[in-house]
Amino acid sequence: KDYMFKTLGLCLHSCRSLSALAELPEMHQILRQTCRDYADKELAPIAAKLDKEHSYPAKQIQELGAMGVMAMEVPEEFGGAGMDYLAYSVAMEEISRGCASTGVIVSVNNSLYIGPILKFGTEEQKKQWITPFTTGEKVGCFALSEPGNGSDAGAASTVASQDGDEWVLNGTKAWITNCWDASATVVFATTDKKLKHKGISAFLVPMPHPGLSLGKKEDKLGIRASSTANIILEDCRIPLGNMLGPRGAGFKIAMQTLDSGRIGIASQALGIAQASLDCAADYAQKRNAFGAPHCQTFKLADMAVAIESARLLTWKASLLRDSKKPFTKEAAMAKLAASEAATYCAHQAIQILGGMGFVTDMPAERHYRDARITEIYEGTSEIQRLVIAGQLLKEYQQ
Amino acid sequence: MSGRVLVGVKRVIDYAVKIRVKPDNSGVVTDGVKHSMNPFCEIAVEEAVKLKEKKLIKEVVAVSCGPQQAQETIRTALAMGADRGIHVQVTGKDYETLGPLQVSKILAALAKKEDAQLIILGKQAIDDDCNQTGQMTAALLDWPQGTFASEVSMEGDKLKVVREIDGGLEMIKINTPAVVSADLRLNTPRYATLPNIMKAKKKKIANVNPADLGVDLTSRVEILRVDEPPQRQAGVKVETVDDLVGKLKDTGRI
């Protein structure tokens, strides 16, 4: 009887998958409204202040944790919300629409920190490293990039060598989001330099920890309420049991994690883009009571098309992932489309607002600054194009 | 005591929407307009869920009267923590003329059917601002009422209600079963948690016909006309206080 219901569920799920692109299922609509209400009431009013003061929204992260937003995909037995990636994408977009910094904090915790542990961790590791990170009290981070290599993840120079019953990590990681506010990190280090990218392994390191120190907080153009800095590892010792997944699987873990992370960032970019459109449309309507000049309404139309296209790509990638189908190409397409939509919409929003778009009285300038990073992190637009082309050509070769 | 609470939830035009009157002045435009749960109903649901969390009551039943879309409002109540829902189907002309008298008859009938111990409603809906349903329901059931509640506590089988009144605050003690209407400061409604949104999917919503409850939906009120408030006119500046007094007298204001 159980199997019958599961099969029925899968059939309904597939039917639902296609129609979900046209209109979200009811529970996702309720979720979207809930997150939108939260973002409108609790995030949007403080976003400018958070940005100006570079302050971490600890209270809001805890509130989001209590709602289940900090661990959306995690099964309830480990303290999460047990929802699908479409739900995660919808929630991420609404949160980011209120505050892009809060969005990235939520995204990194969900996709980059919890994600790989959920997929590759042992049951014990999940209990230890996921459960305390579901409530918003603790957040995690993901340390892959280094000063010497960002896009070229396989060239990791951070080293992990075994010493008795410990791993000893040495090296520097760069551009790590959340690190000044995090209580743990997933770190990628090479255990066999000769094997190149096949010699990289993943490790779980608590923070703070002897041998782990943080560089100065970067003074960023945007998403300023989230901390970004170097993580410096000097003879950082961790138990052997802190390796995540098999030895040498680090690169694969990183790439798979980033596939999902891209859906999160695409959703963040959608939120920024939508906020820009909202701001521009609202301003255009009020400012031009007797009919907006054509060039302005055409701009709004172009912005709406860019957002809706990117959103459909993002939802498709989410639905494919939820159906356990390959989604690498679609996730890269979503991230590429959404990030370019975000920078485009933010740019046009300032143009529509004119002088008002250039001052901090209106949020347009913050959206412009927040949007920019979405084309860079979790895989630059160039990397996304590489991934898409690679997947595409594979299809043609079949 | 059944430990069952009925909470009425009304689907209204969202508070943030700019209301527009229909060209024929028969009502306001509702097609394609964003709707949500009446804010005072949200407060009512929150209070009921809190009572259940304190283990003072056993079951929260969310009730809404209206067409198919009323189910969305019930689902939101379920996501906030209500246990099950009752959708009283009212459509078409009946829905257009649905008002406090009919709704209170429906609620009274349901209260008897469900053996409810307590009914919590919002003090008023933000579309019609009637502030009548709670009072009428109590009268029909011959139950005590605690309206404009800013605080509710249970003491055995009695209810202590702090009411917001013109002069300040009034505290009353009433027997249960009773009707309470929620005022603004009663509580701050929670954001639904994601696990609760998921759980809400599985909670039951029963469909009920007003006729099965023996309720006649005929309205005794006829809406003649709906107009927008007069456009705000520009003000006039005067030089002195005497001028001001003069102007006020001239226009018959004083």
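Here is the naming used below: chain letters follow the sequence lines, and residue numbers restart at 1 for every chain.
Closest approach of M27(A) to A200(B), counting heavy atoms only: CE-CB, 3.9 Å.
Between Y191(B) and E63(A), the closest side-chain pair of non-hydrogen atoms is not below 4.5 Å. A 4.5 Å side-chain heavy-atom check between R75(B) and E26(A) finds at least one atom pair inside the cut-off.
More than 12 heavy atoms of other residues, nucleotides or ligands shown are found within 6.0 angstrom of NZ on K22(B). Atom NZ of K126(A) has more than 12 heavy atoms from other residues, nucleotides or ligands within 6.0 Å. Summarising the local packing, OH of Y95(B) is surrounded by more than 12 heavy atoms from other residues, nucleotides or ligands at distances under 6.0 Å. K49(A) NZ: 12 or fewer foreign heavy atoms inside a 6.0 Å radius.
One finds the CG atom of L194(B) at 12.5 Å from the CD atom of E73(A) (value rounded to the nearest 0.5 Å). In this structure, CZ on R32(A) lies 12.5 Å from CD1 on I197(B), to the nearest 0.5 angstrom. With rounding to the nearest 0.5 angstrom, the CG atom of D84(A) is 7.0 Å from the CE atom of M198(B). Here the CG atom belonging to D37(A) is positioned 7.5 Å from the CD atom belonging to E42(B), to the nearest 0.5 angstrom. Between the CG atom in L31(A) and the OG1 atom in T193(B) there is a gap of 11.0 Å [rounded to 0.5 Å].
In this view, S226(A) satisfies the side chain to side chain donor-acceptor pair (under 3.5 Å) rule with no residue, not counting sequence neighbours.
The stretch residues 118-132 of chain B participates, sequence neighbours left out, in these side-chain hydrogen bond (donor to acceptor under 3.5 Å, both in side chains) pairs: K10(B)-D127(B), K10(B)-D128(B), K123(B)-D183(B), Q124(B)-D129(B), N131(B)-Q135(B).
Only the backbone of A66(A) has a heavy atom closer than 4.5 Å to any heavy atom of chain B.
Within residues 25-37 of chain B, the residues that have a heavy atom under 4.5 Å from a heavy atom of chain A are K34(B), listed by number. Of all residues spanning residues 74-83 of chain A, those with a heavy atom less than 4.5 Å away from chain B's heavy atoms are E76(A), G80(A), A81(A), G82(A), M83(A), arranged by number.
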